[in-house]
Amino acid sequence: MTKKKTILSGIQPSGKLHIGNYFGAMRQHIRMQEEGDAFYFLANYHSLTSINDGERLNQYTMDVVLDYLALGLDPQKATFFAQSDVPQTTELAWILGTLTPVSLMEKGVAYKDKVANGLSANVGLFTYPILQAADILIYHSDLVPVGEDQKQNIEICRDLAGKLNRAYDQELLKIPEDYIVKSVATVPGVDGRKMSKSYGNTIDIFDEGKSLKKTVMSVQTDSTPLEDPKDPDKCNVFALIKLFADEEKREEVAANYRQGGYGYGHAKKELLGLIEGYFAEARDRRKELEKDMDYVRDVLREGGVKARERAETVMEPIREATGLYRSFKY
Ligand code: ADP
Ligand code: TRP
C-alpha cells in the first residue's frame, strides 16, 4: 500500500470568511480531506501581522473553526488545529530565517501589495513567507493546495527547504510539490474588484436575511436598460451566479440576459436565492455547532495534539543537526 500524501493548508482568521475564500480555498480543502492525510490550520500567528486585539483574534479564530466544520470539514478525516498550538513552527521559522537572504524577502509581492493597501510595514509582515514555509515544512507536507496568489510563497518555501538541507548536508526537510489549485477564476466582489476582506467588497458565507439581501442588491452593474439584451459574460452578477448554479440554471439565466426584458434586479434576486439555497444546510449546522462550543474546542485540542506530535518528529533531527542545545524533551 502506498503511503497517503500529506496535504497541508492554512487560512488566516482575520475577518469573516467570504464566498471568494469558499470557492478559492475552503471548498478544495474540504474535498481533499478524502484524498490524503490532510492537515488544516488557523494561521493565527500570521493574523498578528494585521490584528493587535486579543479578543478580536480569538473571536475570528472560533468563527473560522465554526465555518469550516459547518461547511463539511470532518475532524475524523482531517487534522484541524490552531497554528499557535504548534510552537515548533516558530522554532523552525527562526532557523529558516537565519538562512534567508534579505533580498529574497524583498522580492515578496504579497508584502508590497499589503503595504500598498494600508497594512503597517512590520517585520512580521516582511518575513511572513518564512513562517509560512515553516508551517508547510514542519509536517513534511507533500501537497499544499492554495490559490494562485500564494504561488510565490510556495516557491520561497521550496527554496528554503533546499537551503536548510544543503547547509547541513542532510534531507532534514521534504520539498513539497508545487500545487496550485486552479478551480475557479478570482471571485469578484460587489464592486467588481477581486473579492477581499481588505477591500470591504465581500459577500460573507454566513450572512443572511436583510443584510445578505442588501449586499447582493449592491453588486455593481452597468446601466443597460431593462428591456435591452445584455452580455452575461460582462456582468458581475452573472459571474457570481455561475459559481452557485448548475449547468441548466446557468444556461437559463444566460438566455434571459441575451433575450432582453430581463433586468439586473431580476438577476440579483436569482443570485440571492441561489446563495441562500447553497449554504442553507451549512447555516443550520453552524447554528447547532455554536451551541456546543466544548465540542468545537475539543476538535482543536485533539488536532493540536496530533499536529504537535508530527511536528516534533521533524524538529528533533533539526535541533540535533543545527547543534541547538536542549535540556528537556517535549
Ligand atoms: P482576503 O483577500 O479576503 O484577505 P485571504 O488572502 O485571506 O483573503 O485568502 C484566503 C484564501 O482564499 C486564499 O487561499 C485565497 O487564494 C482565497 N481567496 C481569497 N479571495 C479570493 C477571491 N476573490 N477569489 C478566489 N479565491 C480567493
Ligand atoms: N498565506 C496564506 C493566505 O493568506 C495563509 C497561510 C499561512 C498558508 N500559512 C500557510 C497557506 C501555509 C498554506 C500553507 O491565504
Side-chain angles (χ1 to χ4, degrees), residues 6-30 32 38-51 60-61 63-64 67-68 71 81-84 86 89-90 92-93 96 108-111 113-114 116-119 124-125 127-158 160-161 176-205 236 239-240 242-243 307 311:
T6 299
I7 299 167
L8 173 122
S9 200
I11 194 149
Q12 285 195 68
S14 49
K16 287 213 182 314
L17 295 178
H18 53 75
I19 62 176
N21 298 135
Y22 179 72
F23 288 104
M26 304 169 82
R27 187 171 63 164
Q28 284 69 257
H29 296 164
I30 292 163
M32 287 182 85
F39 281 70
Y40 298 135
F41 69 94
L42 304 142
N44 52 358
Y45 285 137
H46 279 111
S47 292
L48 285 182
T49 59
S50 59
I51 301 177
Y60 286 158
T61 305
D63 277 347
V64 176
D67 290 356
Y68 263 96
L71 288 163
F81 60 101
Q83 188 184 30
S84 53
V86 187
T89 309
T90 47
L92 178 60
L96 294 174
V109 288
Y111 173 75
D113 276 2
K114 286 178 181 171
N117 275 303
L119 283 192
L125 199 61
T127 58
Y128 182 117
I130 304 178
L131 182 59
Q132 181 159 351
D135 287 328
I136 297 168
L137 300 170
I138 199 72
Y139 307 106
H140 277 172
S141 308
D142 297 298
L143 294 178
V144 191
V146 285
E148 193 70 39
D149 59 336
Q150 298 292 311
K151 201 174 160 67
Q152 190 187 34
N153 286 351
I154 307 298
E155 276 159 18
I156 293 174
C157 166
R158 288 162 53 84
L160 296 185
E177 290 167 40
D178 222 343
Y179 188 86
I180 302 294
V181 177
K182 288 201 183 68
S183 59
V184 286
T186 301
V187 176
V190 296
D191 59 359
R193 291 189 292 171
K194 175 193 174 222
M195 186 175 288
S196 170
K197 294 187 265 285
S198 36
Y199 297 153
N201 63 355
T202 63
I203 300 176
D204 298 336
I205 303 171
N236 291 325
L240 293 166
K242 274 205 302 202
L243 297 167

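For the single chain, residues carry numbers from 1 onward in sequence order. For clarity, every value in this text was computed on a predicted model and none was experimentally measured. Numbering of ligands and ligand atoms starts at 1, following listing order.
Tyr199 places a side-chain heavy atom less than 4.5 Å from the side chain of Asn117. Between Val146 and Asn153, every side-chain heavy-atom pair lies at or beyond the 4.5 Å cut-off. With contacts defined as side-chain heavy-atom distances shorter than 4.5 Å, the pair Gln132/Ile156 does not qualify. Counting only heavy atoms from C-beta outward, the side chains of Asp67 and Asn21 never approach each other to under 4.5 Å.
Within ligand 1, counting atoms from 1 as listed, the ones closer than 4.0 Å to a heavy atom of Thr186 are 23 (N), 24 (N). Ligand-side atoms of ligand 1 in range of Met195: 20 (N), 21 (C), 22 (C), 23 (N), range being under 4.0 angstrom from any heavy atom. Distances below 4.0 Å separate heavy atoms of Asp149 from the following atoms of ligand 1: 15 (C), 16 (O). Close approach of ligand 1 to Ala25 is summarised as follows: ligand atoms under 4.0 Å from at least one heavy atom of the residue are 11 (C), 12 (O), 14 (O). Within ligand 1, counting atoms from 1 as listed, the ones closer than 4.0 Å to a heavy atom of Asn21 are 8 (O), 9 (O), 10 (C), 11 (C), 12 (O), 18 (N), 19 (C).
Considering CG of Leu137 and OG1 of Thr89, their distance stands at 10.5 Å, rounded to 0.5 Å.
Heavy atoms of Val146 stay at 4.0 angstrom or farther from ligand 1. At least one heavy atom of His18 sits less than 4.0 Å from an atom of ligand 1.
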Evaluate the criterion side-chain contact (heavy atoms from CB on, under 4.5 Å) for residue pair Asp149 and Asp113; output intermediate values, then yes/no. CA-CA 11 Å; Asp149 59 336; Asp113 276 2; over 6 Å; no

Begin from the C-alpha positions of Thr202 and Met195 and carry the test side-chain contact (heavy atoms from CB on, under 4.5 Å) through to its verdict. CA-CA 6 Å; Thr202 63; Met195 186 175 288; 3.9 Å; yes

Please evaluate residues Thr49 and Lys114 with respect to the criterion side-chain contact (heavy atoms from CB on, under 4.5 Å), reporting the C-alpha separation (whole Å), side-chain torsions for both, the decisive distance (0.1 Å), and the verdict. CA-CA 10 Å; Thr49 59; Lys114 286 178 181 171; 5.6 Å; no

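Close N/O approach between Val187 and ligand 1 is found [any backbone or side-chain N/O within under 3.5 Å]. Residue Ser196 has at least one nitrogen or oxygen atom sitting less than 3.5 Å from a nitrogen or oxygen atom of ligand 1, judged on distance alone. Not a single N or O atom of Gln12, backbone or side chain, sits closer than 3.5 Å to an N or O atom of ligand 1. Considering both main-chain and side-chain atoms, Gln150 never comes within under 3.5 Å of ligand 1 through any nitrogen or oxygen pair.
Using bins of under 30°, 30° to 60° and over 60° for the plane-to-plane angle, the ring pair Tyr68/Tyr40 lands in the parallel bin.
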Ligand 2 polar-atom proximity to protein (N/O, under 3.5 Å):
| from | atom 1 | to | atom 2 | distance (Å) |
| --- | --- | --- | --- | --- |
| ligand 2 | 1 (N) | Tyr128 | OH | 2.7 |
| ligand 2 | 1 (N) | Gln132 | OE1 | 3.0 |
| ligand 2 | 1 (N) | Gln150 | OE1 | 3.0 |
| ligand 2 | 4 (O) | Tyr128 | OH | 3.3 |
| ligand 2 | 9 (N) | Asp135 | OD2 | 2.8 |

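Ser9 pairs by the side-chain hydrogen bond (donor to acceptor under 3.5 Å, both in side chains) definition with His29, not counting sequence neighbours.
Test Ile138, Asp135, Ile136, Leu8 against Phe39 for side chain to side chain contact (heavy atoms under 4.5 Å, CB included) and you get one pass: Leu8.
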